[in-house]
Asks: 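Just passing along the structure, written as structure tokens.
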Amino acid sequence: ITNEYEYNIDHIFVTSYKNGEQFGTQKVYYKDVFKTRETDEYIFIYVNRISAFIFKKSNATSEQLTIIKRLLKLETINQQT
């Protein structure tokens, strides 16, 4: 299974592929993200306690990573207010 991510101002749109064929999509609003975790190689975007989308950082440019991190952090800040 591979995922393709489209980052928007208020949500992430994830398209999943298996054996080269699309088999699912999901729209995840940042406000509904349970938590995020970052390692050297990946960003984990948890939609609940046990399920996460795994984004491989090497698939993005440094500029794209900066934008993704800002979008995720913006919503974390907004949730606390």
Side-chain angles (χ1 to χ4, degrees):
I1 296 175
T2 58
N3 291 320
E4 189 175 277
Y5 300 89
E6 180 185 313
Y7 292 88
N8 298 283
I9 196 71
D10 64 342
H11 69 278
I12 305 167
F13 191 77
V14 183
T15 304
S16 299
Y17 297 89
K18 186 174 184 179
N19 300 323
E21 293 186 30
Q22 180 180 328
F23 78 95
T25 60
Q26 186 169 356
K27 189 175 190 178
V28 180
Y29 287 92
Y30 298 118
K31 66 181 182 64
D32 296 329
V33 170
F34 180 74
K35 73 176 181 176
T36 58
R37 181 172 163 248
E38 183 177 5
T39 66
D40 289 340
E41 295 183 39
Y42 300 98
I43 296 174
F44 297 86
I45 304 167
Y46 287 85
V47 293
N48 59 44
R49 289 183 149 171
I50 57 173
S51 297
F53 289 106
I54 303 168
F55 179 78
K56 190 171 185 177
K57 292 162 62 172
S58 63
N59 289 338
T61 66
S62 60
E63 183 178 294
Q64 290 170 328
L65 281 174
T66 298
I67 292 168
I68 292 165
K69 289 177 187 181
R70 284 183 184 163
L71 288 169
L72 290 168
K73 288 183 180 182
L74 270 175
E75 290 306 314
T76 302
I77 292 167
N78 289 340
Q79 285 181 15
Q80 294 173 358
T81 57

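Numbers here simply count residues along the sequence, with the first being 1.
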Asks: Rounded to the nearest 0.5 Å, how far does CD1 of Ile45 lie from CD1 of Ile54?
Replies: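 Interatomic distance, Ile54 CD1 to Ile45 CD1, rounded to 0.5 Å: 10.0 Å.
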Asks: Can you tell me how far the OG1 atom of Thr36 sits from the OH atom of Tyr46, to the nearest 0.5 Å?
Replies: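 So the OG1 of Thr36 and the OH of Tyr46 are separated by 10.0 Å.
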Asks: Could you give the distance from CD (Glu38) to CG (Leu72), rounded to the nearest 0.5 Å?
Replies: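 Result: 9.5 Å between the selected atoms.
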Asks: Using a 4.5 Å cut-off on heavy atoms from C-beta on, say whether the side chain of Val28 contacts that of Val33.
Replies: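 A side-chain contact exists here, since the closest heavy-atom pair is under 4.5 Å.
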Asks: Should we say atom CD of Glu63 is surrounded by more than 12 heavy atoms from elsewhere, each under 6.0 Å from it?
Replies: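 Open.
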Asks: Looking at Asn48, I'd like to know if its CG atom is crowded, meaning that more than 12 non-hydrogen atoms belonging to other residues, nucleotides or ligands lie closer than 6.0 Å.
Replies: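 Count over threshold, so yes.
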Asks: Would a single hydrophobic cluster contain both Val14 and Ile9, if residues Ile, Leu, Val, Met, Phe, Trp and Tyr are joined by side-chain heavy-atom contacts under 4.5 Å?
Replies: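 Yes; Val14 is reachable from Ile9 via cluster members.
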Asks: If you measure from CD on Glu4 to CG on Asn59, what distance do you get to the nearest 0.5 Å?
Replies: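 Separation between the atoms: 10.5 Å.
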Asks: On the 0 to 90° scale, with breaks at 30° and 60°, tag the Tyr42-Phe44 ring pair as parallel, tilted or perpendicular.
Replies: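 If you compare the ring of Tyr42 with that of Phe44, the planes turn out tilted.
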Asks: Roughly how far, to the nearest 0.5 Å, is the NE2 atom of His11 from the CD atom of Glu6?
Replies: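 It is 6.0 Å, given to the nearest 0.5 Å.
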Asks: Could you label the plane-to-plane angle of the Tyr7 and Phe55 rings as parallel, tilted or perpendicular, counting under 30° as parallel and over 60° as perpendicular?
Replies: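 If you compare the ring of Tyr7 with that of Phe55, the planes turn out perpendicular.
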Asks: Check Ile67, Ile68, Thr66 against Arg70 for a side-chain contact (heavy atoms from CB on, under 4.5 Å) and give me the one that passes.
Replies: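 When side-chain contact (heavy atoms from CB on, under 4.5 Å) is applied between Arg70 and each of Ile67, Ile68, Thr66, only Thr66 qualifies.
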Asks: Gln26: what forms a side-chain hydrogen bond (donor to acceptor under 3.5 Å, both in side chains) with it, not counting sequence neighbours?
Replies: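 Checked Gln26 against side-chain hydrogen bond (donor to acceptor under 3.5 Å, both in side chains); zero matches.
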Asks: Heavy atoms only: give me the nearest Ile12-Tyr30 pair and the separation to one decimal.
Replies: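 Heavy atoms of Ile12 and Tyr30 come nearest at CG1-CE2, 3.4 Å.
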Asks: Nearest 0.5 angstrom please: Asp40 CG to Lys57 NZ, how far?
Replies: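 The NZ atom of Lys57 is 6.5 Å from CG of Asp40, to the nearest 0.5 Å.
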